[in-house]
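Worksheet: the structure to be examined is printed underneath.
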Amino acid sequence: MATLSYTSPELLTINAARLLRDGDVVFVGVGLPNLACNLARRTHAPNLVMIYEAGVIGAQPARLPLSIGDPTLVSGALSVCSMYDIFAFYLQRGNVDVGFLGGAQIDRFGNINATVIGGYAHPKVRLPGSGGSMEIAAWADRCYIITPHQKRRFPEKVDFCTSAGFMSGRAEREAARLRGAGPQAVVTDLGILEPDASGELVLTALHPGATLEQAQTNTGWALKAAPELKTTPPPSAEELRILREELDPDKIYLKGGE
Amino acid sequence: MATLSYTSPELLTINAARLLRDGDVVFVGVGLPNLACNLARRTHAPNLVMIYEAGVIGAQPARLPLSIGDPTLVSGALSVCSMYDIFAFYLQRGNVDVGFLGGAQIDRFGNINATVIGGYAHPKVRLPGSGGSMEIAAWADRCYIITPHQKRRFPEKVDFCTSAGFMSGRAEREAARLRGAGPQAVVTDLGILEPDASGELVLTALHPGATLEQAQTNTGWALKAAPELKTTPPPSAEELRILREELDPDKIYLKGGE
Amino acid sequence: MGKLISLAEAVARYVQDGDTVYAAGFTHLIPFAVGHEIIRQRRRNLTLARATPDLVYDQMVAAGCAKKVIFSYMGNPGVGSLRLVRAAVEAGELEWEEYSHFSMISRLTAGATGLPFMPMNPTAAGDLERANPSYRTVTDPYTGGQVVVVPPLKPDVAIVHVQRADEEGNAHIWGIIGEQKEAAFASQRVILSAEEIVPAEVIRSDPNRTLIPGFIVDAVCHVPFCSHPSYTQGYYDRDNAFYLEWDEISKDRQRAQAYLDEWVFGVKDRQEYWEKLGPQVHRRLKVKRRLSTPVDYGSY
Amino acid sequence: MGKLISLAEAVARYVQDGDTVYAAGFTHLIPFAVGHEIIRQRRRNLTLARATPDLVYDQMVAAGCAKKVIFSYMGNPGVGSLRLVRAAVEAGELEWEEYSHFSMISRLTAGATGLPFMPMNPTAAGDLERANPSYRTVTDPYTGGQVVVVPPLKPDVAIVHVQRADEEGNAHIWGIIGEQKEAAFASQRVILSAEEIVPAEVIRSDPNRTLIPGFIVDAVCHVPFCSHPSYTQGYYDRDNAFYLEWDEISKDRQRAQAYLDEWVFGVKDRQEYWEKLGPQVHRRLKVKRRLSTPVDYGSY
């Protein structure tokens, strides 16, 4: 069997899509999460409901949106509501199953920093800030993170906790009585990290060709492997076809990588 | 000059209409307040904005509404919003100039009872309850009350305080830091009561033909007259014409009285 | 299995004895047909929550469905008293819990948005706050003042009637929108009835009009004329004559019972009810068209 | 005098040095033309509040209008960093106050509804709550737990762009409605700009679409293409190319200044700006019609 070639963003997107379940209500971001959701809808999760923090529910974008507030998300959507309503009636009420998160740093316990590198008052690098991620991380039932696997992105501890993962460990999150269960998986270009019983992110799967050593070298803490380290099935021809021909033919998000 | 004859509801409505100012935003009830507002719009206050607690702003009813949620209030209105919004964004925010109130009892300090006659737990008469009047009384800048002048309606103290007037006196209302200034006038079929410096309702005007003694006999406390007791101008031919020919030709609300 | 089922099936499946029911609608869109079906299926010990109980709760109380009402204005709108609920309360036969409109709707909003409470500005009308221990206060951390709060209301089941919905329950509502959205989001289960079931394309042609998304809806029922004697904006008028007539009927428990026997137990469903009303009533309640000016969403 | 005045006059009259300004819009309907007019009139020491500062605040900061930003996501939506605001913050030249989206919008909602604060469920992301003392907690009187609250935001002036309004400022908005309503109700003054000024009958044909009532509006300005490079749903597309281009321009203060000289100071008003963009851009941003299915309000 010939091995199919694929880029790093394609690998990330396909593995993220596989985490979604049919019927999930997903708080979607632009870029790869948007592609992942649309891929899932065209494969195993036709009843996925896509929600955007701009207030759009059940979008049917006719083109790839550049921003989370693109007009193509609105025309033909099922519903559009105010920003307060999308956060209050949908997310805070507990109507969102899945949230996608990103950030400059993700630490050992899945906490995310999207605010500053360095000190808060005099930041070395000022990042965009929380947006909706503080609440998504707390209130969506499950959260997924898509990120390249780089050491600077995976420090032992985030400089600033924009969005709570398991904080100092699962017990602390449980004590905080947050609605959501916290980060369930981090999809990188090397594999998949999932929280263990203590809430620490451990490597549970490697993508075809990637090694544990690679993953450990590119992680800022002593990354453990799960007892049963799996290998993810390679992207299928159908998954790649949908991504390349239907979802991002101009390679706006799928360019780059190897 | 021939004296025009008019009924008691006509007299009440016309005197209430005169209290409204051009540009006022008014929280309107059905019945006489609705007629009073529409009369004011057709006379001295063309820019009056009528708001209904059902969530309707700037109604242009083509017929007399029976209920506060009549469809004729909606068709052709400027705006319709939810019940939460009409109370929160309009009334609580301080966007309402005038509220009309009613109740089974109005006491010496303008407190209103629309809840129970007798004790609360085992009421002798169970009335409809607050509806919106608890908040209207507190948050509209000025409140007006339209009521027949009867002793049982004007007790020294209400059995139950559904809506705050001046409570035990102006000082207590001021201490409660309510947004609105409280009841500014009670229009009865005998005259007009207004709060004095202490917040006590005193008779400030008599309608043509009514006497101070009549008013006192029909009030449950020792009703004082203002130092300058005025007489209200009698209903004009134009006011009566608009009421009878344009606003309530079928005499749905204007029947009764003498 | 799809969500589009008969009203009888929806009530059988989603309304249980002892439930807290919120039949939404401020004067408009009151789901009488669903109330009647609940009566026909003889549900008991319900807690009936509604800002304005209206005639539908008067009828449900008369039929013995309720053990409690939660309300903020217990009247026959535009007419006067709600005689049967009132009589039951005065006779001590019915529990009640009472709010102002704003505190009632704030409770529902807290329930719909997942909040532990909603704050309100002070009204100083302390008697109700003292009578109902659900009113509490918190200390404003910015000024040190006292702020009145109310707890969330989370009914077991919301009943919401709308003008048009698709088979999944994505619903367009216009006219007086009352507390329809809040009731649906606050409740554990949602029964949605609609004057018209339309293709999803109609809903998608105007997403800003969709107040209730299908994924929070459990049952979708096609029930034309569901609201009578209340009304559905653009579909039929409010039957003011019946609101006045009920004021007479409800003076006498026997007459009320006879009404239920004839108009609720005596008909199979809303269609039979509507036919029984007859052509004269149909004509009287008919409404001429007055269309909204469309808006352009653009093709992107 | 009427409210329908030129944008230049509206800014002259209602935006003062030192004001807190909320130019509303979540990606959609961002009032660039008003931001540019504020730059042209050289307002200073403004506090610029907005959930998503977007390019318009980058430009206003570059022009020296601002002393402070209040925000919850400081990015170029879909592109990356908001370089000029970021540089000013990193250089310590600009004060800032930071929230999450929901706490920002909760602040605005508290301001719009006259509440002393709005509660939120816990997020446990304590670093921001520690960094920003506006976050406080109250004790839940029902459970004894701690509840995070934020105080009201009450800007001096809200700037809201809409699709269509009548001369009194009664405004129809559709598509992404963001925080337009909350900003208008929260603010002391409201400048409303509209793609189209329509007869009141158009507004009255669909009252549920009216999110902002005229009586809270101070100035109504007819400003077609006000939102470019943002967009107005149904009227023109988002100029994604410019959002990408600004990412280059804003890498260099000189280039940003040259942009302002040419496109803000170099034009008299939005009409000149739009003409200067030229027919190719006009064509690229043109949108085909996609009309909503009308609804029937009925003639009562």
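Quantities reported herein were computed from a predicted structural model and do not represent experimental measurements. Excluded from the calculations below are hydrogen atoms, water molecules and symmetry mates; all remaining heavy atoms, backbone and side chain alike, are included. Each chain gets a letter, A, B and so on, in the order its sequence line appears, and its residues count up from 1.
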At a heavy-atom separation under 4.5 Å, does [X] approach chain C through its side chain, its backbone, both, or neither?
X	value
B:L127	backbone
B:V116	neither
B:M134	both
B:A121	backbone

_Gap between atom CE of B:M83 and atom CG of C:L108 - 0.5 Å precision_ = 9.5 Å
*If you measure from CD1 on B:I86 to CZ on C:F102, what distance do you get to the nearest 0.5 Å?*
11.5 Å
Residue [X] versus chain B: region with a heavy atom under 4.5 Å:
X	result
C:M120	both
C:L128	both
C:A51	side chain
C:V287	neither

*Against chain B, work out which of C:A124, C:P53, C:G75 has the most heavy-atom pairs shorter than 4.5 Å and name it.*
C:A124
*Between B:P128, B:G132, B:G180, which shows the greatest number of heavy-atom pairs under 4.5 Å with chain C?*
B:P128
_With chain C as the partner, which of B:A88, B:A164, B:G131 has the greatest number of non-hydrogen pairs under 4.5 Å?_
B:G131
Tell me which donor-acceptor pairs, judged by distance alone and kept under 3.5 Å, run between chain B and chain C, one pair per line.
| from | atom 1 | to | atom 2 | distance (Å) |
| --- | --- | --- | --- | --- |
| B:E53 | OE2 | C:H101 | NE2 | 3.2 |
| B:R63 | NH1 | C:D237 | OD2 | 2.7 |
| B:R63 | NH2 | C:D237 | OD1 | 2.9 |
| B:R63 | NH2 | C:D237 | OD2 | 3.4 |
| B:G69 | O | C:Y231 | OH | 2.5 |
| B:P71 | O | C:Q233 | NE2 | 3.4 |
| B:S75 | OG | C:Q233 | NE2 | 3.1 |
| B:M83 | N | C:G178 | O | 3.0 |
| B:Q92 | OE1 | C:N121 | N | 3.0 |
| B:Y120 | OH | C:W96 | NE1 | 3.0 |
| B:Y120 | OH | C:E98 | OE1 | 2.5 |
| B:R126 | N | C:E90 | OE2 | 2.6 |
| B:R126 | O | C:R86 | NE | 3.4 |
| B:R126 | NH1 | C:E98 | OE1 | 2.8 |
| B:R126 | NH2 | C:E98 | OE1 | 3.2 |
| B:R126 | NH2 | C:E98 | OE2 | 2.6 |
| B:P128 | O | C:M74 | N | 2.8 |
| B:G131 | N | C:S72 | O | 2.7 |
| B:G131 | O | C:H101 | N | 2.8 |
| B:E135 | OE1 | C:S100 | OG | 3.4 |
| B:E135 | OE2 | C:S100 | OG | 2.4 |
| B:W139 | NE1 | C:P122 | O | 2.9 |
| B:C161 | N | C:D127 | OD2 | 2.6 |

*Close approach to chain C in residues 96-104 of chain B, criterion heavy atom under 4.5 Å*: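 So far as heavy atoms go, nothing in residues 96-104 of chain B approaches chain C to under 4.5 Å.
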*asked:* Show the nearest heavy-atom pair for residues C:A125 and B:C161, with the distance to one decimal.
replied: CB-O, 3.8 Å
*Heavy-atom closest pair, residues C:P122 and B:A138*: O-CB, 4.0 Å
*Report yes if some heavy atom in the side chain of C:P77 is under 4.5 Å from a heavy atom in the side chain of B:I68; otherwise report no.*
no
